Each structure stands twice: as structure tokens, then as C-alpha cells.
Amino acid sequence: MTTTTQDNLYDVLSRRGLVSQVTDEKIRERLSEPVTLYIGFDPTADSLHVGTLVPIMVLAHAQRCGHKPIAVVGGATALVGDPSGKTESRKMLSREDIDYNARCIAGQIANIVEFNRPGEESPAGAVMVNNADWLTKLSWIELLRDYGAHFSVNRMLTMDSVKSRLDAESGLTFLEFNYMVMQAVDFLHLYKSLNCTVQMGGQDQWGNIVMGIELGRRVAGADLAGLTMPLVTKSDGGKFGKSESGNVWLDPKRTSPYEFYQFWRNTPDVDVKRYLGFFTFLPIEQVNELGALEGVEANKAKAVLAYEVTRLVHGQGEAEKAKDSAGKAFGATQDVTGEAIPHGALAASELGAGIGVVQLLVNAGLAKSNGEAKRLVTGGGVRVHVRVVSDIGQRVTPADVKNGYVLIRVGKKRLFRFDVR
RNA sequence: GGGCGGAUGCCAGAGCGGCCAAAUGGGGUGGGCUGUAAACCCACUGGAGAAAUCCUACGCAGGUUCGAAUCCUGCUCCGCCCA
């Protein structure tokens, strides 16, 4: 993992379509020497999701190019919360919650990026820090005295992130306005404490990154730089990272490796090449080759994508199982006995008198409510084994057990196997 | 501090006393077509129930009315303008 290559990080990212903007035209030269760089992560949940996979990949690429990555957990940000945020606003979290989330997130990042082990410091070993550690110690007066004069509100008002909010209906609160101040202070702090000179982040972080660079220059005469990654979008404009069951998480308890694999396997044709570049470490030549496949062939590329990403996040064993199970279930054999296929036990005694399909759908988690299950049946989307069920009163009986299991399918892709004992 | 406007379902956004579980669009799900793709067409999209029906829901708390998402009062939050 830590093999240092001759590749320049900028070239690597650029070839993979991972560079959106850079603050310094000479970023390439800057990266020809090992540097310390950082990306921030939001600890608002105890798991990251596929959207946050991009920054993790970027940290890993940086490490492979010999740089030292820092993952910054935005504990301070989560501590103050965010009342705005159209959808589920960042909830105000307790210090304990944040620490817990940070540990979970660190574990997930550690699957892909190599962290320093206690006691042995390697030059490119990643470290994780929490900005609550320094931001909570900073007093209001100190902040104003040391940094206040270095922030130009005029300048801040020109930032896109601010401008868009000023005329938006929701407005912009002072609290949110201060996020960029906090993030700027973070950058300065990391520069001073760890000699971190490069910050990376999603395209939406551009303004915050720039503020940090400017603060560093004014306060410490530092020469800092930033690079942003494009936001991951779906070609059809939909939100990336959502599936039938909501967010696609990295935590196997939230999103099973099988579902995870399926999420990637179902990538639209036009997005496959981009995703291969973003979410796998396959050499760029192979990415281009796979990405060039057209028509039915594109499915091969999707299978590779799904396998590779699953392997990165859940390990080879889980990836193999998911691939194998999915391959059999969707292949000519329609074999659904795979280990990774969602399944559960069903007592033979329970089945004796027959169980309503609706009930089974809910038990299997294929429908959230009886109503939804009924709608699915009425819509012709439910099958027991291969037979379509059209009557919501239909019961599944021992006669439906084949080879020791009852298979319930919803649509073409979702299925659940009840192993009867 | 004052004036005005606003708060509706996953999101956006109609409704402005009964016909409202709430138009329309997006999203999502199911069907058709396919390649576990896209585009397109159709349907569904609060909960319980076989159904009748019942329950929950239009920022929060009360009130008026036979009847309220709709009217009134107070509160909370947001926007705009004035100071």
C-alpha cells in the first residue's frame, strides 16, 4: 500500500478526472516533493457513504505518491450544528457522539488509507485529527485579535457559497458564515502544527479552502495551496449515492456488501468510466479500456467496478461473495443460493398454515409497510420463485418450498431468500 | 425595536371554510421495452384493515364553526423593508 511511485499526484488525479480546480498553477511542481495535505470529513453520522469515498480515494492516491495525508474530522463544526441545511440539518451532537462517530469513520478510512500505528511513524503514514481539539480552546477575543482583521467580509461576500445563500430564501446565518472562518483557522493550525501545506476537498469547499490559504499567508506568511475535486453526479441528474433503501453506506451493518456491490453494478453506462477512475485504483489504461466498452459489453466494466469498490471497502472475501452471489442470481442459472444473497430463516412450523405474501415481504424488509407490500403485489412486481403473485391475499405454504427455501422477488433486482427449517 | 410577508407530504410548490390524504413537477418504487444500462411509455407513492371504515398529517398551542391546511389569538422559526 505504501509503495511510493514516481507519479506526480496532480497527474494521477488529473488523469482520473479528480481535479476540478487548483489555487496554484504550479501545483504540480509543488507536489513533486512530498508534502503534508489534508481533507476534512463531517462526523455527523457513524458511517461514511459512497459520496465521501472520493476524498478518501484522493487521500490514498496522495499517500501512494509519497505524501502525508491528514484526515480532519470536523468535530467543532458538528458541535455547533447547523440549523439551516435544507434537508436534515446537521444536528447538534454531543462530544461523545462526535468522538464515537470519528472512531467509526477512522476505521472506514483506514481500510483504504494507511494510518500510522502507535509508536511507528512513517513519513507518509496518515493521521487523523479533530478540529474540536483546537477550535474549542480558542476564545472569542483571541479569535478576533489574532485573525479577525485578516478576514475581509467584502471578500467573503464574493464567495459563491455565500452569494448563493444571500439571495436564497433561507438566507445565511452568522453561524454558517463562520464555517469558513473555522475551516480557515483549521488550515492555519495544521500548517503550524504539522506543516500541512495543501488542502483538498469537494468543489463546494473552494471558498473555504481559499480563505484558509489567505489567512495562512497573512498571519504566518505561509505558502499554501488547495485543490478541489468535482462533485460526483449521476448523468441523469439524480443524486449520487442513493438507492431504493436510501443512502449507500460504507458500514456493512447499514448497507450489506451485496447491496453495496449491486449499487455499483447498476451504474448507468455513461458513468462507468468516470466511476472507475474515481473509485478504483485500477491503472488508468485499464480504466480507459473498460470505459470504452459499449453496449452489452459495458456490463463487464460494471462488474469490475462493483467488484473493485466492494473489495476496497469490504475486503476481498466479501467482494468475492457478493460477486459470486450476484453473478449466479442474475446469470443464466438464476441460482439464488449464494451466501451473500439477502436471506433469513423461516420456521417450517410457521409456514405450516401458510403465511401471507404481504407479511413475508415486510418480514424480508422488501416493503416498509403492509400497504407498500400490497401495492407491490397489485402492481405485479412480486414473485414467489418465478411465479408472479397478483393476489394480495395469497399465502405461501409448504408447497412453495423448493430445495429448502422460498424465494421472494420484488422487481428485477431485489430479492430475499427464506431458508426453511 | 417597528412594518409586511411566509411556514404544506422525501424535495419544490398549489390550495386559502366542506368535493383535501391535499393539484402539479421532481425524486423514488413497480410494470412495459432492454443489457441487472440510458431514453421513452404506463401505474403507484401516510399507517392499520379483506373491506366498510378508522387513525395520523398541512410550524407549535389554543379558539371560532355542524365542519378548518384554509378564519381568529398567542408562541416559535424564516424572509423582505424601515430604524
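Below, chains carry the letters A, B, ... as their sequence lines are ordered, and counting in each starts from 1. Owing to the predicted nature of the structure, the values given are computational and were not obtained by experimental measurement.
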Give one of base, sugar-phosphate or nothing for A/Gly411, where a contact means two heavy atoms less than 4.0 Å apart. sugar-phosphate
Is a salt bridge present between A/Asp99 and A/Arg95, judged by a nitrogen-to-oxygen distance below 4.0 Å? yes
Side chain A/Glu142, main chain A/Ser139, donor-acceptor under 3.5 Å: yes
Separation of the P atoms in B/G26 and B/G62, to the nearest angstrom: 39 Å
Charged N to carboxylate O below 4.0 Å: is that the case for A/Asp400 and A/Arg395? no
Under a 4.0 Å threshold between the charged nitrogen and the carboxylate oxygen, would A/Arg311 count as salt-bridged to A/Glu308? yes
In whole Å, what separates the P atom of B/G6 from that of B/U45? 31 Å
Pairing nucleotide - B/G9, Watson-Crick or G-U, each distance under 3.5 Å: none
Could you please name the option among B/A37, B/G35, B/U36 that lies closest to any side-chain atom of A/Pro268? B/A37
In whole Å, what is the span from the CG atom of A/Leu415 to the C1' atom of B/U36? 11 Å
Nearest-Å distance once atom P is located in both B/C11 and B/G28: 15 Å
Any donor-acceptor pair under 3.5 Å from A/Thr52 side chain to A/Leu48 backbone: no
When rounded to whole Å, the CG to C1' distance for the pair A/Leu293 and B/A38 reads 17 Å
Euclidean distance, atom CG of residue A/Asp269 to atom P of B/U34 [Å, nearest integer]: 16 Å
Could you measure between the two P atoms, the one in B/G13 and the one in B/C80, and give it in whole Å? 15 Å
Distance, P atom - from B/G31 to B/C19, rounded to whole angstrom: 35 Å
Tell me what A/Gln262 touches on the nucleic acid: a base, only sugar-phosphate, or nothing, going by heavy atoms under 4.0 Å. base
Partner lookup for B/C60, please. Criteria are Watson-Crick or G-U wobble with both distances under 3.5 angstrom; report none if nothing qualifies. B/G74
Integer-rounded Å distance: B/G30 C1' and A/Arg383 CZ: 11 Å
For A/Leu376 and A/Glu294, take the nucleotide of RNA chain B holding the closest heavy atom to each; which residue's nucleotide lies nearer the 5' end? A/Leu376
Expressed as a whole number of angstroms, how long is the span from A/Ile341:CD1 to B/U36:P? 15 Å
B/G1 -> Watson-Crick or G-U wobble partner, both distances under 3.5 Å, gives B/C82
Using 4.0 Å as the upper bound for N to carboxylate O, is an ion pair formed by A/Arg421 and A/Asp419? no
Length of the NZ-P vector between A/Lys412 and B/U29, whole Å: 12 Å
With distance as the sole test, does A/His189 use its side chain to make a donor-acceptor pair with the main-chain N or O of A/Phe187 at under 3.5 Å? no
Considering only atom P, compute the distance from B/A22 to B/C77 and round it to an integer number of Å. 33 Å
Considering every strand shown, what is the Watson-Crick or G-U wobble mate of B/C40 when both distances are under 3.5 Å? B/G32
Readout for nucleotides 41-53 of chain B: B = base within 4.0 Å of protein heavy atom, S = sugar-phosphate only, - = neither; 5' to 3' it is ---SS-SSB----
Strictly by modelled atom types, are A/Ser369 and A/Glu372 linked by a side-chain donor-acceptor pair under 3.5 Å? no
In whole angstroms, how far is the C1' atom of B/U36 from the CD atom of A/Gln334? 11 Å
Check: A/Arg417 side chain, A/Pro342 main-chain N or O, donor-acceptor pair, under 3.5 Å: no
Between B/A23 and B/A43 - P atom distance, rounded Å: 15 Å
Please state the P separation for the pair B/A7 and B/G59 - nearest whole angstrom. 8 Å
Does B/A37 have OP1 or OP2 under 4.0 Å away from a side-chain N or O of A/Lys413? yes
Reckon A/Ala326 touches a base, only the sugar-phosphate, or nothing at all at heavy-atom distances under 4.0 Å? base
note: A/Tyr258, atom OH; B/U36, atom P; distance rounded to Å ~ 13 Å
